[in-house]
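A, B, ... follow the sequence lines: proteins, then strands. Residue 1 opens every chain. Just so it is clear, the structure is predicted and the values come from calculations on it, not from any experiment.
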Amino acid sequence: MADFFFQPKRYLITSALPYANGPLHIGHLAGAYLASDAYTRYLRLMGKEVVHVCGSDEHGAAITIRARKEGVSPQEIVDRYHALIKETFERLGVSFDIYHRTSAPIHHETSQEFFRNLYQKGEFVEQETMQYFDEEAGQFLADRYIMGTCPTCGNEEAYGDQCEKCGSTLSPEELINPRSTLTGSTPVLKPTKHWFLPLDKYAEWLKHWINTGELNGLQLHEPADWKNHVVGQCNSWLDAGLHPRSMTRDLDWGVDVPPEIPGAEGKKLYVWMDAPIGYVSATKAWAADHGKDWKIYWQDPETQLVHFIGKDNIVFHCLIFPAILNAHGDYVLPKNVPANQFMNLEGKKLSTSKGWAVWVHEYLDDFPGREDVLRYTIVKNMPEQRDSEFTWKSFQDANNNELVGNLANFINRVLVLTHKFYQGEVPAFDPDEGFTGAFDPDWPSYHDSEMLLMFDHLQEVSRALREFEFREALKRIMELSSMGNSILQYNEPWKTINDDPESVKVVINFSLQVVAALSVVVRPFLPFTSDKMRTMLNMEPIKESGELVRMLDDLAEGLPLLAAGHYVEKPEHLFTRIDDKVIQEQVDKLNQPETTLTENEFSGEPVKENIDYDLFSKMDIRTGTILKAGYVPKADKLLELEVDLGFEKRTIVSGIAQHYKPEEIVGKAVLVLANLSPRKLRGIVSNGMILTAEDAEGNLVFVQPATAVSPGSTVK
RNA sequence: GGCGUGGUAGCUCAGCCGGUUAGAGCGCAGGAUUCAUAAUCCUGAGGUCGGGAGUUCAAGUCUCCCCCACGCUACCA
């Protein structure tokens, strides 16, 4: 491990690009950004050369669909959220060297260069298919942008991928009288080409590289250093067999396929091709601003590349992006991808669409000056190996018991005593004077031996940070503070100051050394606190340029961190208690999600186009009673039902298995779309459809008649 | 359903290649203390290590089966 760490000449750290269609919530911080920030700050404190890049991911279908819904341009959407996200990171003290965006011209150029390179090398597999083209709009139409008459049921509003009425899965060419939803014109079939990355061809070296760290005979990383769930997830994909994946889409928002390539017209890069390349373009933009050569960060084997991501991105960062980088040929591969798992909130999954989240920008508004409290709580509960949980109660406890009671209190005690006894000057002491140390209170200790023990402890903090064990590092930092409290307690300088003033000098001097060490080592996690501590200690602010490695060197040589006679300021409270009322307000706020949303956030599903009564009258909806219910084998979401419609009994397969148990729905009244064309689901012919409504939590519930009606009654 | 990861004290988690009476923090109980933001320090209670079977002189740690959570994936008209 150590070998791999100390060899590289420089580090390139990337954090997952946030998707610019919503604000940041605490899950994002827990998944990637506080880990990457802590790691980057740590590397800087160790005097390493490091660049940390991030930026907004501004392409992809979700953004166009949202823009369409709100009636604004995609650019407006991404501008809004890019600005909000960037500002939120700054306010929280996440220290990217650059926060870029994928709509920037340099990103489009960079992505195109990648595509062009792979194209010219013949890496892509080209596949031509016939697709509908809107001549008025001048573009190929995604399946969803085509409507027409369903060949199965005659529904005139069927989409190119499926008919919402009868449920048939369609391809656009099957539609009768197809029309473009963009212009209403009749589209024509034209040949279109897409370029596939043949992942199947790369599977062998990817598997070898992931599991051994070797590529082309070179040892690139140590697989044992990768997290289990990361390697496991990769092998899961590899064992299932990789398939060629299209790197292009027929869309109107995104990076153009390089125009000189035949058939490029109207084609955009697949968002998962362009997004990781965003790391490269961000690095270029940073290098241009700082007079550096971006290439050494991506193309020199002595650069160590680390991707910080959440577990949902593992396959892209460990398989697809490395495949792209390797196919290009000039690029280094990631040394590690320390993906975190997910953080839940008060027992439930975070969800942007359900509004179940703590929005970071709102936190910063509600808790001014408490940036580090959120940082602390999230790192303390970081989902490093498994999913974890954020609760407001644990947030309050961490603040009141650990930050106030342990850390802030220790520092305050030491500085207060220094002023009380020595007018704020670090006391000189007799090195032969003993006192009670924290590590073994039964034996007298000495200043130099306690300093060495502290040195060992700090090295453990350093090791933990180096190995991405952020919770462990934070815990050990707090232990240091706790040991400081113990020493004060054991020696009781406020008592002994009169009859044994010499021992008090040692105790206070050592305690001040601990505070000085804390001001450095706390930095990766609590940067704002670090600044405040340095001010109180009357020390140079931390610039994150080798302070930690120098401090460790000094300690190894037996040098003090604060010289005798150095004046320290009078203390101020680093953290203050948070009362129940404030916490209760946040809990209440969670339970009224509408107040936490920005105005355009959730318009819900928009009302569909008007239809005639005629069309409605074609639907035959009947009341029914469920007679039998059972699970469908090999399907998690399906229940097979037998429903009494009065005139007959039907078999209906319904996707409600995660909302209802078979035994609890027998005998229930339901509404059934009775003339929906039969369709096979998992080998069972489903003859109709059960009508359900979705509640605020996303659960499906039956729609029923208000009072009992005999089965088979029509619904109008 | 397939694959992956995890399931250890009330809560959050450590426990590496199997080896003495299974650990920490928080919470709880009792005690000490007052320099400090009713903060601190000490002591204690509390666990059949998801369940079952097996390998072994010895298993939380290895093997098999099952259960649960989460992720990816299939199925959701």
Quiz prompt | A/Phe342 six-ring centre to A/Lys311 NZ/CZ under 6.0 Å and within 45° of normal | solution =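 Pair A/Lys311/A/Phe342 counts as cation-pi.
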Parallel, tilted or perpendicular, as decided by the 30° and 60° cut-offs, for the rings of A/Trp226 and A/Trp209: perpendicular
- Item | Parallel, tilted or perpendicular, as decided by the 30° and 60° cut-offs, for the rings of A/Phe321 and A/His317 |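 Rings of A/His317 and A/Phe321: perpendicular, over 60°.
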Could you walk me through whether A/Met619 and A/Leu673 pass the side-chain contact (heavy atoms from CB on, under 4.5 Å) check?
-> CA-CA 7 Å; A/Met619 286 195 280; A/Leu673 182 57; 4.0 Å; yes
Can you tell me how far [atom1] in [N] sits from the matching atom in [M], rounded to whole Å?
{"N": "B/A22", "M": "B/C57", "atom1": "P", "answer": "23 Å"}
{"N": "B/U8", "M": "B/A69", "atom1": "P", "answer": "14 Å"}
{"N": "B/U12", "M": "B/G50", "atom1": "P", "answer": "15 Å"}
{"N": "B/U56", "M": "B/C28", "atom1": "P", "answer": "48 Å"}
{"N": "B/U20", "M": "B/U61", "atom1": "P", "answer": "14 Å"}
{"N": "B/C13", "M": "B/A74", "atom1": "P", "answer": "30 Å"}
{"N": "B/U48", "M": "B/A9", "atom1": "P", "answer": "9 Å"}
{"N": "B/G6", "M": "B/U33", "atom1": "P", "answer": "48 Å"}

**More than 12 heavy atoms of other groups within 6.0 Å of A/Lys649 NZ** =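 For A/Lys649, atom NZ is not crowded (no more than 12 foreign heavy atoms under 6.0 Å).
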* For A/Glu648, does the CD atom sit with more than 12 other heavy atoms under 6.0 Å from it, leaving out its own atoms? ->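 It does: A/Glu648 CD has more than 12 such atoms within range.
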d([atom1], [X]; [atom2], [N]) in whole Å:
{"X": "A/Phe390", "N": "B/C11", "atom1": "CZ", "atom2": "C1'", "answer": "15 Å"}
{"X": "A/Lys393", "N": "B/G27", "atom1": "NZ", "atom2": "C1'", "answer": "9 Å"}
{"X": "A/Arg476", "N": "B/C13", "atom1": "CZ", "atom2": "C1'", "answer": "14 Å"}
{"X": "A/Leu474", "N": "B/C26", "atom1": "CG", "atom2": "C1'", "answer": "14 Å"}
{"X": "A/Leu639", "N": "B/C75", "atom1": "CG", "atom2": "P", "answer": "17 Å"}
{"X": "A/Met478", "N": "B/A24", "atom1": "CE", "atom2": "C1'", "answer": "14 Å"}
{"X": "A/Asn211", "N": "B/G4", "atom1": "CG", "atom2": "P", "answer": "13 Å"}
{"X": "A/Leu242", "N": "B/C3", "atom1": "CG", "atom2": "C1'", "answer": "13 Å"}

Quick check for you: among B/C13, B/C72, B/A77, whose closest atom lies nearest to any side-chain atom of A/Met689?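 The answer is B/A77, which lies nearest to the side chain.
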What nucleotide, of B/U12, B/C72, B/A14, holds the atom closest to the side chain of A/Asn381?
->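 The answer is B/U12, which lies nearest to the side chain.
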Inset, instruction - Could you give me the stems involving RNA chain B, meaning stretches of three or more consecutive Watson-Crick or G-U wobble pairs whose two defining distances are both below 3.5 Å? - result: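 RNA chain B forms these stems: B:1-7 with B:67-73, B:10-13 with B:23-26, B:28-32 with B:40-44, B:50-54 with B:62-66.
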- prompt: If we ignore angles and hydrogens, is there a donor and acceptor under 3.5 Å between the side chains of A/Asp397 and A/Ser394?
  reply: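 There is no such pair (donor and acceptor under 3.5 Å, judged by atom type) between the side chains of A/Asp397 and A/Ser394.
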Practice problem: Ignoring hydrogens and angles, state whether a donor on the side chain of A/Lys227 or A/Asn340 is under 3.5 Å from an acceptor on the partner side chain. | Solution: yes
**Asked** A/Leu671 versus A/Phe702: any side-chain heavy-atom pair under 4.5 Å?
**Response** no
Taking any heavy-atom pair under 4.0 Å as a contact, classify [X]: base, sugar-phosphate, or nothing.
{"X": "A/Ser388", "result": "sugar-phosphate"}
{"X": "A/Glu472", "result": "nothing"}
{"X": "A/Lys349", "result": "sugar-phosphate"}
{"X": "A/Gln341", "result": "sugar-phosphate"}

*Assert yes or no for the condition that the ring centre distance of A/Phe367 to A/Phe395 is strictly below 6.0 Å.*
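Yes: the rings meet the under 6.0 Å criterion.
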Per-nt protein contacts along nucleotides 30-41 of chain B (heavy atom under 4.0 Å; B base, S backbone sugar-phosphate only, - none) come out as ---SSBBB-SBS
Exercise. Closest nucleotide of RNA chain B for A/Cys234 versus for A/Arg386: which of these residues is on the 5' side?
Worked result: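 By nearest-heavy-atom nucleotide position, the 5'-most residue is A/Cys234.
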**Request:** Evaluate ring-ring contact (aromatic ring centres under 6.0 Å, His included) for A/His419 paired with A/Tyr567, printing each intermediate quantity in order.
**Result:** CA-CA 9 Å; A/His419 273 271; A/Tyr567 178 78; 5.6 Å; yes
